[in-house]
Every structure is written in structure tokens, then in C-alpha cells.
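A, B, ... follow the sequence lines: proteins, then strands. Residue 1 opens every chain. Hydrogens, waters and symmetry mates play no part in the numbers below; they use all other heavy atoms, side chains included.
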There are 2 protein chains.
Amino acid sequence: MVKQRRSQIDSSKRRQILPKEIRRKQLIRATMGRIAEVGLSQVTLSAVTQKAGLSQGIANLHFDSKDNLLVETLKFVTDEYNLGLQQILSGTGYLSAQAKLQALVQFQFSRSVTEETKMAVWFAFYGEAKSRPTYQSICADSDRRAALGMKTLMTAVSEELGHDIDTAFVTDGYIALIDGLWLSLLLSPRKLSRVKAKQVVFQYLKGVFPLWSDVR
Amino acid sequence: MVKQRRSQIDSSKRRQILPKEIRRKQLIRATMGRIAEVGLSQVTLSAVTQKAGLSQGIANLHFDSKDNLLVETLKFVTDEYNLGLQQILSGTGYLSAQAKLQALVQFQFSRSVTEETKMAVWFAFYGEAKSRPTYQSICADSDRRAALGMKTLMTAVSEELGHDIDTAFVTDGYIALIDGLWLSLLLSPRKLSRVKAKQVVFQYLKGVFPLWSDVR
DNA sequence: GCCCAGAATGAATATCTATTCATTGCGAAC
DNA sequence: GTTCGCAATGAATAGATATTCATTCTGGGC
């Protein structure tokens with residue numbers, strides 16, 4: 001009997017040692033994928049590690065517990081989103097507040113943000129947040145930061161256009177609208193495309209800012 | 001030793017035989033409660049039956065499987081909502097389309113609809129819907145019916161006010177706004193009250209229907 | 001080429017939980 | 001009051017699945 005020799009073809013089976021950070025990201029991505037595939041309540045470590053092409057015990061090795069892996073997955077998604085958001089909100093290269101707000105809309109409905117697996121993760125955790133303090137605080141934290149920056153932006157737009165309106169309501173409405181559209185995008189992408197979603201948002205903005213005009 | 005005699009005080013422990021329908025509703029309510037308390041992914045039959053004050057095996061007796069109990073719970077919540085919704089949409093006692101739309105808003109943010117446990121159930125299943133065909137179809141069915149009726153109503157309002165606008169966008173925006181506000185209501189009721197949520201909706205309606213005026 | 005720290009593995013374990021079913025006892029019918 | 005069908009019980013079972021850990025193997029250092 002010939003002893004099995006590992007070839008290049010078989011390289012997927014070859015054990016490899018990689019930096020902790022690479023492995024963590026690899027597992028987080030696999031977790032996101034599984035959440036999108038089977039739902040948060042059906043995710044098992046064995047399914048995750050299998051998807052990552054790694055062994056059973058590795059999730060506990062790098063994350064200590066399943067619960068922690070899930071928390072880190074949520075953090076990963078929210079952190080990435082917040083980073084992009086803050087980049088726009090604190091950006092200084094825009095010609096006007098209106099232009100900045102338009103960029104924000106483009107970002108919020110960009111392919112990267114509305115990627116199916118990310119939406120799935122987002123709402124999976126929202127669905128559990130009420131009853132899980134850890135998720136709750138991660139989401140709330142993210143939301144609070146976002147709301148603050150958006151309020152400032154809305155006020156800037158309002159002033160720029162010479163309006164005199166309650167931007168608190170406008171902001172609450174804007175945020176709710178985005179969340180609702182994301183949910184539609186997740187549940188029935190057939191019915192509502194990203195393009196259509198953006199049109200709905202601009203319709204909202206034209207409504208609350210009568211003098212709004214799309215900048216180039 | 002005196003043989004334990006069941007007293008009135010002890011009546012909670014007394015075995016009782018009740019109609020199937022009563023038991024089913026009792027279990028569904030307990031399930032809703034547990035979902036709100038611990039999240040869909042952490043709901044166990046033993047926690048549910050305990051909350052219902054019944055024995056371990058009763059859920060399987062009346063629902064065959066845990067999965068089925070969950071499905072029936074989702075159906076219960078959506079059916080109740082749809083009933084109220086259709087009652088308004090097909091109602092004929094309103095003075096105008098505007099008045100009907102106002103009634104709709106009142107309904108959608110009524111205490112009964114926005115009850116914490118119901119919102120929790122709603123979003124718990126939304127979070128899983130993507131990956132579970134059964135949930136998906138229940139939610140999609142409910143959504144489709146709602147969307148159709150609302151589109152008609154929006155068109156009626158638009159005509160009533162003599163506007164010439166694309167009511168498809170208005171409807172999509174309206175639905176998304178409601179969903180987003182519900183999510184806020186669930187996740188941070190401190191920040192957004194039901195009253196404030198309604199004000200946000202009316203602000204939206206004033207925006208898209210320039211001639212809108214609150215009736216009475 | 002050899003060594004070895006520690007990354008990775010995966011079989012074994014412990015725990016948790018849905019489901020079953022033999023037994024109990026309620027309450028409607030007579 | 002007695003009987004009896006079947007609702008209800010809850011202990012036992014079976015099946016998952018998170019976690020552990022003894023063992024294997026990699027790749028950098030010498």
C-alpha cells in the first residue's frame with residue numbers, strides 16, 4: 001500500500017499555521033456566512049469551522065467560546081460600518097452639506113454595505129438584541145454614534161437651504177427609513193432594488209427639505 | 001404523616017383538562033413571552049411550558065414539534081396584525097382617504113400593536129426569515145397583502161388632494177418608515193416614544209403630500 | 001538538518017434539550 | 001356513583017453540539 005503523499009491538489013487538507021488575526025477574521029467571515037445561510041439560531045460551531053475549512057476545536061482556541069465568536073462577529077460588522085460612516089460624516093472635501101448627505105445615501109446603499117450576508121447578520125442580531133445585553137449595547141452604541149453625526153448633518157443641510165425645521169424629527173425619520181429599506185432589501189430584494197431604495201430616500205429628502213435639489 | 005390534600009391555594013398545581021384551542025393559545029402566549037425575554041435562539045420548550053405553568057411534554061402534544069410551535073406563534077402574531085390592518089383598509093366609515101390614513105397610523109402605533117412582546121417576536125422572526133423558507137413565506141405573505149392595500153390608500157389620498165405623484169415610491173417609503181420606527185421602538189423605547197414615532201410619520205406625510213392637513 | 005514553541009487537530013466528554021410514552025387522573029356521560 | 005376516553009404529566013431517552021485536551025505537525029531559529 002502506497003503511503004498517501006500530500007500533493008498540491010490536496011493542499012486544502014494541509015495543516016497550516018497562520019497569525020492569530022488571520023484565523024480570527026477567517027472564522028468571523030465563516031460565521032457571517034452561516035448566519036446568512038441558516039440563521040443565527042441554527043449556527044453551530046461545527047458548521048462554522050467546516051465552512052472555514054478548519055477543525056472542530058479551532059473556534060474555542062481563538063475565541064474561547066461560541067458566544068464570544070458571535071459577539072466578535074457583530075462587532076466586526078458594526079465597526080466596519082461605523083468606520084465608513086464616520087469617514088463621510090467627518091469628511092471635509094464636500095462642496096456642501098447637501099453633497100455630503102448625498103454621499104451618505106450612496107454609502108448606505110452601496111454594494112459593500114448592503115451585501116446580503118452583512119444585512120443578514122445585522123438583522124439577526126437586532127432580532128435578539130432586546131434580550132441580550134451584550135448585543136444590545138454593541139448595537140445601541142453604534143446607533144447612538146450614527147444618530148449624533150446625522151443630526152448634525154441634517155441641521156447643516158437645513159441651514160444651508162434656509163429652512164426652519166425640526167431636524168430632530170427629520171433625523172429620526174431618516175434613520176428609520178434607512179433601517180426599513182434595509183429590511184426590505186434583505187427580505188425581498190426582488191421587490192426593492194438598491195436603486196429604488198435610494199430613490200425612496202431622495203423622495204423623503206425632497207419632502208422634508210422643500211428646496212432640496214440633487215447636486216450633480 | 002398527613003397525606004397532602006390539594007386546597008384552593010394549591011389550585012395552580014391541580015391538573016385541569018381544557019379545550020385544545022385554549023391550550024394552544026396558552027402555549028403561544030408563553031412562547032411569545034420567552035422570545036421577548038431570552039431571544040428566539042435561546043427559547044427552549046422547557047422554558048415555554050414552565051412559563052405556561054404546564055408540563056414538559058405538552059408542547060409536543062399540541063404542536064407535534066417545537067418548530068411547529070414557533071411557526072404557529074409567528075402566524076398568530078401576523079394574523080392578528082393583518083386582521084386589524086384589513087379592517088381599516090377595507091373600512092367604509094371614514095370621511096376621507098386622509099382620515100383613513102390617519103386611522104392607519106394610529107393603529108400601527110397603538111399600544112396593542114407595539115406591545116413589546118409582539119415587536120420582539122416580529123423582529124426575531126424577521127432576523128431568521130432570510131434563511132427559513134417557512135418564516136419567509138409567512139412574513140412575505142403578510143407584507144404583500146399589506147403593501148397592496150396601502151398602495152391603494154396612498155393613491156386615494158393623492159387623488160383626494162389633487163396631487164400628481166408616484167404613489168409606488170410613497171408607499172415603499174411609508175412601509176419602510178413604519179418598519180424602521182418599530183425597530184427603534186423595540187430597541188430604544190427610551191429614545192423614541194410612540195407619540196414621537198407618529199409625529200415622524202406625519203412629518204413624512206406632510207412632506208410627500210404638500211397639501212396634507214391633519215383632519216380633526 | 002534538527003529542535004521545539006505553540007498552532008491546529010479531532011476524538012472524547014459533558015451538557016443541554018427535543019421528543020417519547022407509560023402512567024395518572026379529570027370530568028363528561030350515563 | 002361509576003365508568004372510561006383521552007388530556008396531561010414528567011421521567012426516561014435519544015440526539016445535538018459546545019468544550020476539552022492529548023496528540024500531531026508546522027515553520028522559524030540555529
Side-chain angles (χ1 to χ4, degrees), chain A residues 3-8 10-31 34-35 37-73 128 132 134, chain B residues 3-8 10-31 34-35 37-73 128 132 134:
Chain A
K3 193 173 176 192
Q4 178 74 30
R5 177 77 178 281
R6 283 185 172 120
S7 66
Q8 286 83 337
D10 197 24
S11 68
S12 64
K13 280 283 170 60
R14 186 129 190 284
R15 181 191 287 198
Q16 237 194 144
I17 289 177
L18 289 173
K20 231 173 158 56
E21 266 322 299
I22 303 260
R23 285 291 183 230
R24 287 172 63 95
K25 213 158 268 176
Q26 192 178 359
L27 287 166
I28 284 175
R29 289 210 175 283
T31 305
R34 285 302 191 201
I35 289 174
E37 280 169 25
V38 302
L40 185 54
S41 75
Q42 307 278 38
V43 167
T44 64
L45 284 185
S46 107
V48 168
T49 53
Q50 218 167 296
K51 191 178 186 84
L54 297 170
S55 68
Q56 183 69 238
I58 198 154
N60 283 284
L61 180 66
H62 289 292
F63 289 95
D64 297 331
S65 73
K66 178 187 178 184
D67 218 65
N68 190 234
L69 168 62
L70 294 178
V71 167
E72 292 299 321
T73 301
E128 298 270 297
R132 318 212 62 186
T134 315
Chain B
K3 194 174 176 192
Q4 179 74 29
R5 177 80 176 281
R6 281 182 174 122
S7 65
Q8 287 82 338
D10 197 25
S11 68
S12 63
K13 279 283 169 60
R14 188 134 188 280
R15 182 191 286 197
Q16 239 194 145
I17 290 179
L18 289 174
K20 231 174 155 59
E21 267 323 298
I22 302 259
R23 286 288 184 233
R24 287 172 64 95
K25 214 160 268 177
Q26 192 179 358
L27 286 166
I28 285 175
R29 289 212 174 283
T31 306
R34 285 301 191 203
I35 289 174
E37 281 170 25
V38 303
L40 186 54
S41 75
Q42 306 280 39
V43 167
T44 64
L45 284 186
S46 110
V48 167
T49 53
Q50 216 167 297
K51 191 178 186 82
L54 298 169
S55 67
Q56 183 69 237
I58 198 155
N60 283 283
L61 181 66
H62 290 290
F63 289 94
D64 298 331
S65 71
K66 177 186 178 184
D67 219 64
N68 191 232
L69 169 60
L70 294 178
V71 167
E72 292 299 322
T73 302
E128 298 269 295
R132 318 211 60 185
T134 317

Counting only side-chain nitrogens and oxygens, does B:Arg15 get under 4.0 Å of the OP1 or OP2 atom of C:dT24?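 False: B:Arg15 side-chain N/O out of range (4.0 Å or more) of C:dT24 OP1/OP2.
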Do the side-chain N or O atoms of A:Arg23 get closer than 4.0 angstrom to the phosphate oxygens (OP1, OP2) of C:dA7?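 No, no such contact exists.
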Rounded to the nearest angstrom, tell me the gap between atom [atom1] in [X] and atom [atom2] in [N].
X: A:Arg24; N: C:dA8; atom1: CZ; atom2: P; value: 13 Å
X: B:Arg34; N: C:dT17; atom1: CZ; atom2: P; value: 12 Å
X: B:Gln50; N: C:dT17; atom1: CD; atom2: C1'; value: 13 Å
X: A:Leu27; N: C:dA7; atom1: CG; atom2: C1'; value: 13 Å
X: B:Ile58; N: C:dC21; atom1: CD1; atom2: P; value: 18 Å
X: A:Lys20; N: D:dT26; atom1: NZ; atom2: P; value: 20 Å
X: B:Leu70; N: C:dA18; atom1: CG; atom2: C1'; value: 12 Å

Looking only at the side chain of [X] (C-beta and beyond, no hydrogens), which of the listed nucleotides [options] gets closest?
X: B:Ser55; options: C:dT9, D:dT9, C:dA11; value: D:dT9
X: A:Thr44; options: C:dA8, C:dC26, D:dA18; value: D:dA18
X: A:Gln16; options: D:dA8, D:dG27, D:dC25; value: D:dG27
X: B:Gln56; options: D:dA11, D:dA8, C:dT9; value: D:dA11

Find the distance between CD (B:Gln26) and OG1 (B:Thr49) and round it off to the nearest 0.5 Å.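 Result: 10.5 Å between the selected atoms.
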Positions of residues 60-69 of chain A (non-hydrogen atom under 4.0 Å from DNA chain C), listed by number: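 Contacting residues: A:Leu61, A:His62.
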For a quick test of reading the model, state the closest non-hydrogen atom pair linking A:Ala59 to A:Leu27 and the distance between them.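 Here A:Ala59 and A:Leu27 meet closest at CA-CD1, 4.1 Å.
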Taking the nucleotide of DNA chain D with the nearest heavy atom to each, does A:Ile17 or B:Gly57 sit closer to the 5' end?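 Of the two residues, B:Gly57 wins.
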Give the intermediate values and the outcome of side-chain contact (heavy atoms from CB on, under 4.5 Å) for residues B:Leu45 and B:Asn60. CA-CA 9 Å; B:Leu45 284 186; B:Asn60 283 283; 3.6 Å; yes
If you define the side chain from C-beta out and look only at heavy atoms, does anything of [X] sit under 4.5 Å from [Y]?
X: A:Asp67; Y: A:Arg132; result: yes
X: A:Leu54; Y: A:Arg23; result: yes
X: B:Val38; Y: B:Thr44; result: no

Under 3.5 Å, is there a donor-acceptor pair between the side chain of A:Glu72 and the main chain of A:Ile28?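 No.
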Do any N or O atoms from the side chain of A:Arg24 and from the backbone of A:His62 form a donor-acceptor pair under 3.5 angstrom?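 It does hold such a pair.
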Checking side-chain contact (heavy atoms from CB on, under 4.5 Å) for the pair A:Leu40/B:Leu40: CA distance, chi angles, key distance, verdict? CA-CA 9 Å; A:Leu40 185 54; B:Leu40 186 54; over 6 Å; no
Which angle, to the nearest 10 degrees, lies between the helix axes at the two ends of the helix from C:dG1-D:dC30 to C:dC30-D:dG1, each defined by five pairs?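 Roughly 10°, once rounded to the nearest ten degrees.
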